[in-house]
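These notes are about the structure you will find just below.
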Amino acid sequence: VIAINNKFPGPTINSTTNNNVVINVRNKLDESLLLHWWDLYFAIIFVKSGIQQRRSSWQDGLPGTNCPIPPKWNWTYQFQVKDQIGSFFYFPSLHFQRAAGGFGGFIINNRDIIPIPFGSPDGDITILIGDWYTRNHTALRKALDAGKDLGMPDGVLINGKGPYRYNDTLVPDGIDYETIDVHPGKTYRLRVHNVGISTSLNFRIQSHNLLLAETEGSYTVQQNYTSLDIHVGQSYSFLLTTDQNASSDYYIVASARFVNESQWKRVTGVAILRYSNSKGKAAGPLPDPPQDEYDKTFSMNQARSIRLVFIVVQVHKWNVSASGARPNPQGSFRYGSINVTEIFVLKNKPPVTIDGKRRTTLSGISFVNPATPIRLADQFKVKGVYKLDFPSRPLTGPPKMETSVINGTFRGFMEVILQNNDTKVQTYHLSGYAFFVVGMDYGEWSENSRGTYNKWDGIARSTTQVYPGAWTAILISLDNVGVWNLRTENLDSWYLGQETYIRVVNPEVTNKTELPMPDNVLYCGALSKRQKPQDISFATSITTSSSKLFLAVLMVASALLFH
């Protein structure tokens, strides 16, 4: 596995709204590395999934914006978690490395001035779930390069561990499993992230309700669920009340969705919830999943039920929302009444063959990562790196491989329709932004579909699912200057080209809407001669190389309060 500071999963980074965060990454792998910070509004090549890198795509950790960290080098990410709260995670974004680990939780807490719409929990627990292959990420990568499918995963991990032996036939003896210890009569916040490769998972805890409270930085209308579908790349916070008797431990289950359950029984993660006064081990059958193997209507209706909460309180004459990080009401941004300035219909299909290679596409284009990152090419006016010609509607001709980018208008309001004509659920993520999920349905999207949009309280998040044979519509306020990745989170489809970037430029000469290029920026591609040597000579490309089974990435994190 790929470990962070000798831990798998990696350590949870704990920060507070508006903190400045400094993360030093030492790459002990034998191949290049980027960390992405999921859902953070900025990103680094250690991808911070969901963290919105406000005004700084320099820190986004993706090959379209950053040069990779070479083996034996270290590099420091510095960013502010500006105006954000919630539950996120980080992961490596290159070379299919996420399939071997390198991921961990990232928490952004509210400042004291911003209340939360529930009482302070008695504990805060991060749970990372995901499908897992026992083959190394290099072998999986090689299979995809050879035009093969990855096949069924070998299992589902919960916090890096295998299943509790709930069934002697399906689960061999001696497997290490996760145990979460709780006390009776308490309320815990569970932050659950699907960090897997391509499998949607149903999450549930035996005999307990899950009170949904937050998803990817937005507080939700609080609703109880007996189980919830969590698709690849998605994050949720639940409030769990330990109000059951302690006659035995309880199962925590993450099982594969929309598959032949008789064939996929072994692809089930099982952990244990243990009360401090528990009288025995968990036994018997697992709690049932939704009984809709061939009907995804239940799952779609469940997704539609997740709404943005409106809670406004008075704090020092400010209208302060209990639902967001900023001192203004969450939901006061009336997205339903804003005129859309640009519309893109993005359609994905099953893999195709282009120039003898198996590839995935968006609107007929399979994205090719440039040797020189797009943002770096703009900074130094390097020509021919990419094209600003991504089509607003799917191509009608044969598919092609290109570095084609969406030209976004600064302060525009973009409507994106994600049309999934593949046979499996696709999850889409946009770096640098939270978007409003305003509609989803089966069939082909049309202009008339807008009549079904939720124009009032659609959830704001950075990752949304699109069911097979269906569409999802999102609205994006393009207020964050930079180059931002729009991609499928299904790792195999992403690796094969199902992505693009949205380039947002402030045309004003005195551009104060984007932070300057960092002093420690890495160079590669056409700009590789600018790179000064560190521990070794810098590679001019990000081609793959062999990787050992046991790898470590040293990452040190610190947070400084922003004044």
Side-chain angles (χ1 to χ4, degrees), residues 34-67 77 79-84 88 90-91 93-94 216-217 233 341-344 346 362-363 365 367 369-370 372-379 385-390 392 403-416 418 427-437 460-464 474-489 494 497-507 511 513-515 517-518:
L34 277 178
L35 284 183
H36 180 62
W37 311 94
W38 183 251
D39 289 327
L40 296 172
Y41 295 100
F42 65 85
I44 58 178
I45 287 186
F46 234 121
V47 174
K48 298 170 287 294
S49 183
I51 295 180
Q52 297 178 23
Q53 298 282 359
R54 300 300 298 180
R55 302 166 55 209
S56 184
S57 57
W58 296 110
Q59 304 287 336
D60 203 34
L62 291 161
T65 53
N66 301 94
C67 293
Y77 295 100
F79 51 87
Q80 185 187 18
V81 286
K82 179 69 173 172
D83 294 336
Q84 292 183 85
F88 311 102
Y90 59 86
F91 67 88
S93 62
L94 292 180
E216 297 162 17
T341 58
E342 42 207 322
I343 303 168
F344 282 83
L346 306 182
L362 261 185
S363 294
I365 297 175
F367 190 83
N369 276 302
T372 307
I374 297 165
R375 184 64 195 87
L376 210 57
D378 280 350
Q379 181 74 15
V385 170
Y386 64 93
K387 298 179 180 179
L388 269 179
D389 63 351
F390 197 93
S392 60
T403 308
S404 181
V405 174
I406 293 174
N407 188 13
T409 303
F410 180 53
R411 291 179 179 152
F413 199 59
M414 182 181 288
E415 177 183 10
V416 177
L418 302 164
T427 314
Y428 282 92
H429 174 80
L430 176 61
S431 295
Y433 290 93
F435 49 72
F436 294 96
V437 182
R461 62 187 310 168
S462 61
T463 314
T464 187
I474 61 176
L475 297 176
I476 313 163
S477 177
L478 298 178
D479 61 351
N480 194 15
V481 171
V483 178
W484 306 106
N485 190 217
L486 175 60
R487 64 178 181 270
T488 178
E489 270 306 302
W494 181 16
Q498 196 171 310
E499 63 174 323
T500 186
Y501 284 79
I502 301 178
R503 179 179 177 267
V504 182
V505 175
N506 185 348
N511 179 10
T513 53
E514 185 179 26
L515 296 175
M517 183 179 73

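This one's a predicted model, so the numbers in the text were calculated from it and none came from an experiment.
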Just list the side-chain donor-acceptor pairs under 3.5 Å for residues 405-413, sequence neighbours left out, or say none.
unit_1, atom_1, unit_2, atom_2, d
Thr409, OG1, Glu342, OE2, 3.4

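- Within the model, atoms CG of Leu62 and CD of Glu499 stand 8.0 Å from one another, a figure rounded to the nearest 0.5 Å.
- To the nearest 0.5 Å, the span separating OH on Tyr428 from CG on Leu346 amounts to 7.5 Å.
- Taking each heavy atom of Gly432 and Asn480 in turn, the nearest pair found is O-ND2, 2.9 Å.
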Problem set entry | Full working for side-chain contact (heavy atoms from CB on, under 4.5 Å) between Thr464 and Ile474 | CA-CA 9 Å; Thr464 187; Ile474 61 176; 4.1 Å; yes
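- Using a 4.5 Å heavy-atom threshold, the side chains of Thr65 and Tyr501 count as touching.
- With contacts defined as side-chain heavy-atom distances shorter than 4.5 Å, the pair Asn66/Pro373 does not qualify.
- Exactly one of Thr372, Asp378, Thr403 qualifies for a side-chain hydrogen bond (donor to acceptor under 3.5 Å, both in side chains) with Tyr386. That residue is Asp378.
- Looking only at side-chain heavy atoms (C-beta outward), Ser93 and Trp494 come within less than 4.5 Å of each other.
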Exercise. For Leu362 and Arg487, what are the C-alpha separation, side-chain angles and deciding distance, and is it a side-chain contact (heavy atoms from CB on, under 4.5 Å)?
Worked result: CA-CA 9 Å; Leu362 261 185; Arg487 64 178 181 270; over 6 Å; no
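- Distance check: Met414 CE to Leu430 CG gives 9.0 Å after rounding to the nearest 0.5 Å.
- Checking side-chain atoms of Tyr433 against main-chain N and O of Ile476 turns up no donor-acceptor pair under 3.5 Å.
- Considering CD1 of Ile343 and CD of Glu415, their distance stands at 5.0 Å, rounded to 0.5 Å.
- The aromatic rings of Phe390 and Phe344 sit tilted, their planes meeting at an angle between 30° and 60°.
- Checked by atom type and distance alone, the side chain of Thr500 never pairs as donor or acceptor with a backbone atom of Phe367 at under 3.5 Å.
- Partner His429 forms a side chain to side chain contact (heavy atoms under 4.5 Å, CB included) with one of Thr463, Thr488, Asn485 and no other, that one being Thr463.
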